[in-house]
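A short write-up of the structure that comes next.
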Amino acid sequence: MSKPSLPQGTRDFNAATVQKRQYIFQTIKSVFELYGFQALETPAMENLETLMGKYGEEGDKLIFKILNNGLDLPQKKQQTLEGVEKLLAGKSSLALTERALRYDLTIPFARYVAMHHGALNFPFKRYQIQPVWRADRPQKGRYREFYQCDADVVGSDSLLNEVDLMSVYLNVFANLKLPVEVKMNNRKILLGLAQFCGGEEKLIDLTIAIDKLDKIGWEKVQEELNTKGFSDAQQKIIQQYLNITGSNDEKIAQLKKLLGDNESVLKGIEELNYVLQYQLSSGMSKQLVADFTLARGLNYYTGLIFEVKALDTDMGSIGGGGRYNDLTSLFGVPNIPGVGISFGVDRIYDVMEEKNLFPPSIEQTTQILFFNLGEQEAQAAYEQMTLLRNKKIACEIYPEKSKFDKQFKYAEKKGIPNVIIIGTEELAKKECNLKNINTGIQTTIPFSELVNYKF
RNA sequence: GAGGGCGUAGCUCAGUAGGUUAGAGCGACAGUUUGUGGAUCUGUAGGUCGUGGGUUCGAGACCCAUCGUUCUCCCCA
């Protein structure tokens with residue numbers, strides 16, 4: 001027997017952790033519902049074809065694939081061997097893996113919409129809170145199994161959806177008392193920059209390099225741009241673009257000056273401005289920051305993109321999203337525009353733990369422990385306990401007759417605030433001794449009055 | 001995919017320059033106390049030092065491999 005262990009990047013959650021996580025889930029869920037989103041759940045696994053090719057080359061490698069059953073059947077031997085050959089060549093093989101664990105919630109959602117678009121009531125607003133899996137190498141804030149909480153609207157082009165989703169972000173983090181900044185950019189602006197600097201086909205190279213700016217600095221970014229074949233003149237424009245600073249309005253003014261004669265950039269600015277102005281009127285705009293260096297890895301985004309960063313911590317982004325104008329066409333159903341946001345609960349948890357932001361009140365446990373002092377006594381205690389349970393007071397009885405010491409310690413460690421002692425004396429007088437563990441105060445209460453006692 | 005740190009009792013760790021029977025604190029258990037806990041004191045249990053190989057008269061320590069874990073880069077939530 002080897003020591004039991006967990007697969008890399010996965011975790012067990014104890015009672016205290018579960019309660020704190022539930023607090024985050026509940027907060028997010030209630031805000032989603034407040035804004036008119038409805039729940040959806042999809043299976044942990046999807047057909048491999050549904051997922052492959054949706055997350056870029058890197059993403060495909062990180063998909064957890066599920067080995068097919070029945071590979072040992074003699075009549076499948078040839079297929080299996082061919083599959084292994086493909087695998088060794090670095091390709092995936094349906095002969096070996098037809099299914100995979102979902103990598104995010106957006107693609108399964110697009111698959112769902114494509115399957116049911118005839119029956120859905122558009123604009124369709126759904127939220128989804130489920131785990132996803134990535135075969136990534138674990139490190140700080142990065143796990144192989146983690147939860148995402150997504151809210152998406154499909155079937156509407158209106159920027160009012162973006163406004164609403166930004167409001168969801170700000171509302172959730174205000175409720176959690178977690179200070180954040182929501183960075184916003186527009187793929188159309190990046191597209192315009194690419195058109196200026198070598199053409200649309202360089203958009204991805206460009207965004208990847210730009211995205212690294214705050215991590216590796218301009219010089220390294222410049223090196224990367226060099227290797228990707230950007231000319232000196234183009235690099236100069238990119239540098240000017242990246243050097244844009246100031247308030248949101250100032251940044252936008254500078255961008256207009258730099259790239260204002262590009263149609264895509266102008267459109268992008270207009271959209272960005274729309275959302276910023278709208279939020280301004282609600283007084284929440286301070287946390288919304290235009291950041292033209294924001295790129296986002298997933299290339300299905302087409303419009304505004306967002307990323308949430310917790311302030312004063314080195315944790316990466318704790319949420320992100322954007323507009324994708326044609327996601328369902330990947331599944332053969334064109335012309336359903338959508339926009340969505342996502343929360344990374346596991347990282348939010350880590351940041352809140354780091355900053356000590358969980359309210360103490362969320363830790364709930366049993367209210368009363370009944371001592372067990374023998375068969376007769378326990379039976380009487382059980383009767384009283386049942387009455388209290390019917391009143392929705394959480395109680396438990398120590399399952400075996402033990403020394404006081406042991407029963408007290410049990411209550412103390414579990415954080416149970418009250419114990420009720422019913423021994424032979426109490427039994428004879430039909431009363432019980434209630435002791436508050438924290439104050440040490442002991443009260444005698446007749447059985448008949450216990451149900452009405454205010455704990 | 002690339003690179004670094006760390007694996008010694010349930011937990012946190014010590015273990016000096018390789019040298020007999022591997023230590024501490026906390027926790028657990030028992031007693032002090034068979035109806036009132038958190039304290040004190042006393043005692044007990046618990047480790048083939050992650051695993052496999054090698055160097056050596058001798059390895060927890062040194063070397064190699066391997067597994068696990070953690071962090072950084074890539075990428076991402």
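Naming convention: chains lettered A, B, ... in sequence-line order (proteins, then strands); numbering from 1 in each chain. In what follows, every heavy atom counts, from backbone to side chain, and hydrogens, waters and symmetry copies are set aside.
For the pair R21(A) and F13(A), the cation-pi test (distance below 6.0 Å, angle within 45°) is passed. Judged by the 6.0 Å and 45° rule, K125(A) forms a cation-pi pair with F37(A). Judged by the 6.0 Å and 45° rule, R126(A) forms a cation-pi pair with F109(A).
Within the 4.0 angstrom heavy-atom criterion, no nucleotide atom of any strand lies near K309(A). Counting non-hydrogen atoms under 4.0 angstrom, N433(A) reaches a base of the nucleic acid. L6(A) comes within contact range of the sugar-phosphate backbone alone, with a heavy-atom separation under 4.0 Å but no base atom that close. Heavy atoms of D136(A) sit under 4.0 angstrom from at least one base atom. At the heavy-atom level, I437(A) lies under 4.0 Å from base atoms of the strands shown. G316(A) comes within 4.0 angstrom of no nucleic acid atom, judged by non-hydrogen atoms across all strands. Within the nucleic acid shown, I348(A) has no heavy atom closer than 4.0 Å to any nucleic acid atom. Counting non-hydrogen atoms under 4.0 angstrom, G319(A) reaches the backbone sugars and phosphates but no base. Using a 4.0 Å heavy-atom criterion, one finds that S317(A) contacts the sugar-phosphate atoms exclusively. Among the protein residues, Y410(A) comes within range of no part of the nucleic acid, since none of its heavy atoms lies under 4.0 Å from any strand.
Nucleotide C73(B): paired with G1(B) (Watson-Crick or G-U wobble, both distances less than 3.5 Å). In this structure, G58(B) makes no Watson-Crick or G-U wobble pair, since no nucleotide meets both defining distances under 3.5 angstrom. For A45(B), there is no paired nucleotide, since no Watson-Crick or G-U wobble pair has both relevant distances below 3.5 Å. Base pairing analysis places C6(B) opposite G68(B); the two distances defining the Watson-Crick or G-U wobble pair are each below 3.5 Å. Nucleotide A22(B): unpaired (no Watson-Crick or G-U wobble partner with both distances less than 3.5 Å). A39(B) is unpaired under the Watson-Crick or G-U wobble criterion, no partner having all donor-acceptor distances under 3.5 Å.
When rounded to the nearest whole Å, the span between OH of Y300(A) and P of C76(B) equals 11 Å. Atom CD1 in I129(A) sits roughly 15 Å away from atom C1' in A77(B) (whole-Å rounding). Remark: P of A77(B) and CD of E145(A) are 17 Å apart, rounded to the nearest angstrom. To the nearest angstrom, P of U36(B) lies 17 Å from CD of E412(A).
Closest approach to the R137(A) side chain among A2(B), A77(B), C75(B) is made by A2(B) (side chain taken as heavy atoms from C-beta onward). Looking at the side chain of F408(A), the nearest of the listed nucleotides G27(B), G37(B), C74(B) is G37(B).
There is no side-chain donor-acceptor pair under 3.5 Å between Q8(A) and Y143(A).
At the phosphate of G68(B), neither OP1 nor OP2 sits under 4.0 Å from any side-chain N or O atom of Q8(A). Considering only side-chain N and O atoms, K409(A) lies nowhere under 4.0 angstrom from the phosphate OP1 or OP2 of G27(B). A close approach under 4.0 Å does occur between a side-chain nitrogen or oxygen of Q139(A) and OP1 or OP2 of U72(B). For K403(A), a side-chain nitrogen or oxygen approaches OP1 or OP2 of G31(B) to under 4.0 Å.
The heavy-atom pair separating S264(A) from L191(A) by the smallest distance is OG-CD2, 3.8 Å.
Put simply, the side chain of R347(A) and the base of C76(B) share a donor and an acceptor less than 3.5 Å apart.
Within 6.0 Å of NZ in K140(A) there are more than 12 heavy atoms belonging to other residues, nucleotides or ligands.
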Which atoms of nucleotides 41-43 of chain B (N or O only) lie under 3.5 Å from a protein N or O atom, and what are those distances?
none

